[in-house]
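Everything on this sheet refers to the single structure shown next.
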Amino acid sequence: MNAVPTKVGITDIVKGAVKMAPDVPSMVRHAPGLLFRSADKKKSIGSVFQKLAADHPDRPFLRWKGESSSYGEVNRQVNRYAAVLADQGVGVGDVVAILSKNNPTDLMAILATVKLGAVAGMINYNQRGEVIDHSMSLMNAKVLLRDPECDEAFESMSTDAHPEHVFDFPALDEAATGKPDTDPAVTATLPASTSAFYIFTSGTTGLPKASVMSHNRWLANYSGIGGLSVRLRPSDTMYVPLPLYHNNALSVSLGAVLAGGACIALGKQFSASRFWDDIILNRATAFSYIGELCRYLLAQPPKDTDRKHSVRVIIGNGMRPEIWDEFAERFAMDRIVEFYGASELNLAFVNVFSVKRTAGFCPLPFKVVDYDADGNPKRDSRGRLTDVPKGTPGLLISEISERVPLDGYTDDSETEKKVIRDAFKSGDAYFNSGDLVRELGFAHIAFVDRLGDTFRWKGENVATTEVEGAVGGYAGVDGAVAFGVEVPGCDGRAGMAAVTMKDGADKPDPKEFADALYGKLPAYAVPLFIRFVGEIEVTSTFKNRKVELREQGFSDVGDDELWVLRGREGGYVPFYEEYPADVAAAKAPR
């Protein structure tokens with residue numbers, strides 16, 4: 001097993017600097033954009049894109065199923081879409097909700113929205129019912145653009161949640177016919193402080209929160225991750241199989257493509273069996289990932305396409321140390337640019353210096369501090385926070401300042417909950433990442449784990465209260481406690497729920513119970529393990545009981561009945577000893 005480095009030394013930095021030497025000219029061009037960002041500067045995603053389109057109109061920008069469209073072609077269609085939105089009254093600060101799987105129209109609708117200074121509200125198409133209604137209520141969108149392939153999500157939305165104008169993609173194309181294809185005048189006037197995206201994240205409230213991504217923070221990713229770390233060239237193509245509502249795709253991947261004046265190839269959705277075939281079809285030289293994607297690829301039988309591709313660099317997060325070298329060797333990866341960040345976090349770490357098995361480097365101010373068992377920062381007798389020694393797991397917090405502002409959430413009260421005030425001195429402010437990391441030296445970290453009720457599975461954050469609401473709402477269920485548990489060989493934590501039944505009530509029908517949960521939750525949030533317990537403490541010790549249940553997991557349940565999920569078709573079945581291995585081998589729901 002590959003260990004995480006205990007420290008990063010000068011030798012690691014020198015080796016990394018030598019490796020990046022050929023890209024120094026482009027890095028020098030992008031460094032000022034990271035170090036000297038101004039919220040007032042008239043620069044935005046739209047202005048970056050349309051300048052590339054003006055300078056290199058015939059260069060490939062968007063590839064879909066092997067077919068390419070140029071910067072110029074895409075920019076003209078984006079402008080037509082922008083004209084349609086403007087006709088609906090969309091202007092600076094308005095919200096356009098976008099519900100779509102990956103496809104060219106999705107990306108062009110996003111670019112059209114931000115060119116107008118409007119906010120692209122990126123809806124997770126796995127949401128259903130009251131959850132998607134809640135997301136829509138947070139946005140107060142003026143227009144909804146929807147992919148017909150997301151009809152199930154759209155039809156689960158209440159009509160009261162619909163904005164005034166709703167276009168499916170064929171209707172959007174029809175409305176765009178004959179519209180002007182010139183750049184909107186407003187794009188050149190937008191300051192970097194303008195809001196660009198709402199990216200939904202599951203918080204501990206159990207319902208999604210909309211984190212705000214400004215053009216300024218996107219431009220920091222564009223320069224820092226794209227220009228200084230990924231370092232694509234105009235001849236490169238980045239394959240993006242992650243959904244565009246995911247920050248890895250929308251901010252990191254698109255930013256890297258535009259920073260290099262390169263091409264983006266969209267995958268409709270990730271397929272482990274077809275992945276390398278799609279890479280080769282789209283002539284990709286880079287791709288974006290999350291840790292689970294990499295595990296799925298390693299679990300595939302070896303094929304000749306494993307090394308017949310032209311990929312030289314990949315960018316993502318969640319690459320576990322124990323598979324890092326194996327993945328690089330099997331698939332002939334020249335550079336793995338691991339990064340750490342979150343949709344709402346005001347900084348990011350990125351593996352600029354190619355230090356293996358780390359989440360990378362960040363030049364912006366952060367601290368790794370001591371924390372309580374409940375995940376909150378621990379204060380000393382003076383009421384201040386305490387740094388933990390290098391190499392020791394601690395809570396990551398990031399400084400909030402004029403230089404590094406916090407965009408936060410659409411709900412100011414939710415933002416304030418994550419702000420730590422008077423941390424080291426009176427008047428200072430830090431953002432609580434909610435994550436455990438180890439500081440390794442030279443501003444590098446290694447990710448350790450997530451704190452709090454939210455856990456991560458299949459690359460998605462799962463809020464336990466949302467799961468508890470779905471499980472507890474089933475007929476006959478008296479109470480439920482949800483948490484994440486580690487499954488050997490898997491990234492993240494799988495969902496598990498401890499359930500009590502009402503007096504006299506029989507346990508649910510296993511298949512009907514699974515069907516009900518699939519109807520209320522995204523597939524990745526449906527618990528893999530259901531444990532029936534006699535009682536759940538709901539007093540002041542309830543939180544400790546939850547910790548105890550999480551520690552017991554699925555291996556220490558005593559005489560309690562334990563079910564496991566065999567997918568939509570199989571429903572729940574009694575636990576069997578091989579189940580954890582089946583999950584790790586993707587033979588059971590992951």
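On a predicted model such as this, the values are computed, not experimentally measured, just so you know.
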Please report whether the ring centroid of [Y] lies less than 6.0 Å from that of [X].
X: Tyr340; Y: His444; result: no
X: Tyr239; Y: Phe275; result: yes
X: Tyr245; Y: Phe200; result: no

(request) Would you sort out whether Val96 and Tyr81 count as a side chain to side chain contact (heavy atoms under 4.5 Å, CB included), showing the intermediate values? (result) CA-CA 12 Å; Val96 176; Tyr81 286 165; over 6 Å; no

(request) Would you sort out whether Thr187 and Ser44 count as a side chain to side chain contact (heavy atoms under 4.5 Å, CB included), showing the intermediate values? (result) CA-CA 8 Å; Thr187 307; Ser44 66; 4.1 Å; yes

Does [X] use its side chain to pair, donor to acceptor, with the backbone of [Y] at less than 3.5 Å?
X: Ser433; Y: Leu396; value: yes
X: Trp218; Y: Leu250; value: yes
X: Asn103; Y: Lys101; value: yes
X: Asn282; Y: Gly66; value: yes
X: Asn102; Y: Leu242; value: yes
X: Arg217; Y: Pro405; value: no
X: Thr415; Y: Tyr409; value: yes
X: Arg231; Y: Ser229; value: yes
X: Asn247; Y: Val252; value: no
X: Lys142; Y: Gly89; value: yes

Atom pair [atom1]/[atom2] of [X] and [Y] - distance to nearest 0.5 Å:
X: Arg307; Y: Glu329; atom1: CZ; atom2: CD; value: 5.5 Å
X: Met238; Y: Ile315; atom1: CE; atom2: CD1; value: 7.0 Å
X: Glu73; Y: Ser68; atom1: CD; atom2: OG; value: 9.5 Å
X: Ile323; Y: Glu326; atom1: CD1; atom2: CD; value: 7.5 Å
X: Leu266; Y: Thr105; atom1: CG; atom2: OG1; value: 10.5 Å
X: Leu254; Y: Leu107; atom1: CG; atom2: CG; value: 6.0 Å

Could you check whether any side-chain heavy atom of [X] comes within less than 4.5 Å of a side-chain heavy atom of [Y], counting everything from C-beta outward?
X: Lys65; Y: Lys268; answer: no
X: Leu52; Y: Leu258; answer: yes
X: Asn124; Y: Glu460; answer: yes
X: Phe349; Y: Phe366; answer: yes
X: Pro365; Y: Val404; answer: yes
X: Asp151; Y: Arg146; answer: yes
X: Ile445; Y: Leu440; answer: no
X: Asn248; Y: Tyr289; answer: no

What is the minimum heavy-atom distance between [X] and [Y], and which atoms define it?
X: Ser193; Y: Ser214; answer: O-CB, 4.0 Å
X: Ala348; Y: Asn221; answer: CB-OD1, 4.5 Å
X: Leu62; Y: Cys263; answer: N-SG, 4.0 Å
X: Pro22; Y: Val18; answer: CD-O, 4.2 Å
X: Ala120; Y: Ile98; answer: CB-CD1, 4.1 Å
X: Ala210; Y: Leu138; answer: N-CD1, 3.9 Å

(request) Inspect the surroundings of CZ in Arg274 and state if more than 12 heavy atoms from other residues, nucleotides or ligands are less than 6.0 Å away. (result)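 Not more than 12 within 6.0 Å, no.
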
(request) Would you indicate whether Lys15, at its atom NZ, is surrounded by more than 12 heavy atoms from other residues, nucleotides or ligands within a distance under 6.0 Å? (result)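 Count not over threshold, so no.
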
(message) Is there a side chain to side chain contact (heavy atoms under 4.5 Å, CB included) between Glu164 and Gln88? Walk through the geometry before answering.
(response) CA-CA 9 Å; Glu164 181 181 357; Gln88 312 311 310; over 6 Å; no

(message) Set out, in order, the CA-CA distance, both residues' side-chain angles and the distance that settles side chain to side chain contact (heavy atoms under 4.5 Å, CB included) for Asp133 and Met157, then state yes or no.
(response) CA-CA 6 Å; Asp133 283 354; Met157 193 188 301; 3.3 Å; yes

(request) Just say parallel, tilted or perpendicular for the rings of Phe327 and Phe287, cut-offs at 30° and 60°. (result) perpendicular

(request) Fit a plane to each ring of Phe61 and Phe49, take the angle between them on a 0 to 90° scale, and name the class: parallel (under 30°), tilted (30 to 60°) or perpendicular (over 60°). (result)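 The arrangement is tilted - the two ring planes meet at 30° to 60°.
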
Side-chain ion pair, [X] and [Y], N-O less than 4.0 Å:
X: Lys209; Y: Asp411; value: no
X: Arg233; Y: Asp23; value: yes
X: Arg357; Y: Glu338; value: no
X: Arg80; Y: Asp173; value: no

Going by atom types alone, do [X] and [Y] pair a side-chain donor with an acceptor below 3.5 Å?
X: Asp58; Y: Tyr71; answer: no
X: Thr285; Y: Asp236; answer: yes
X: Asp183; Y: Asn79; answer: yes

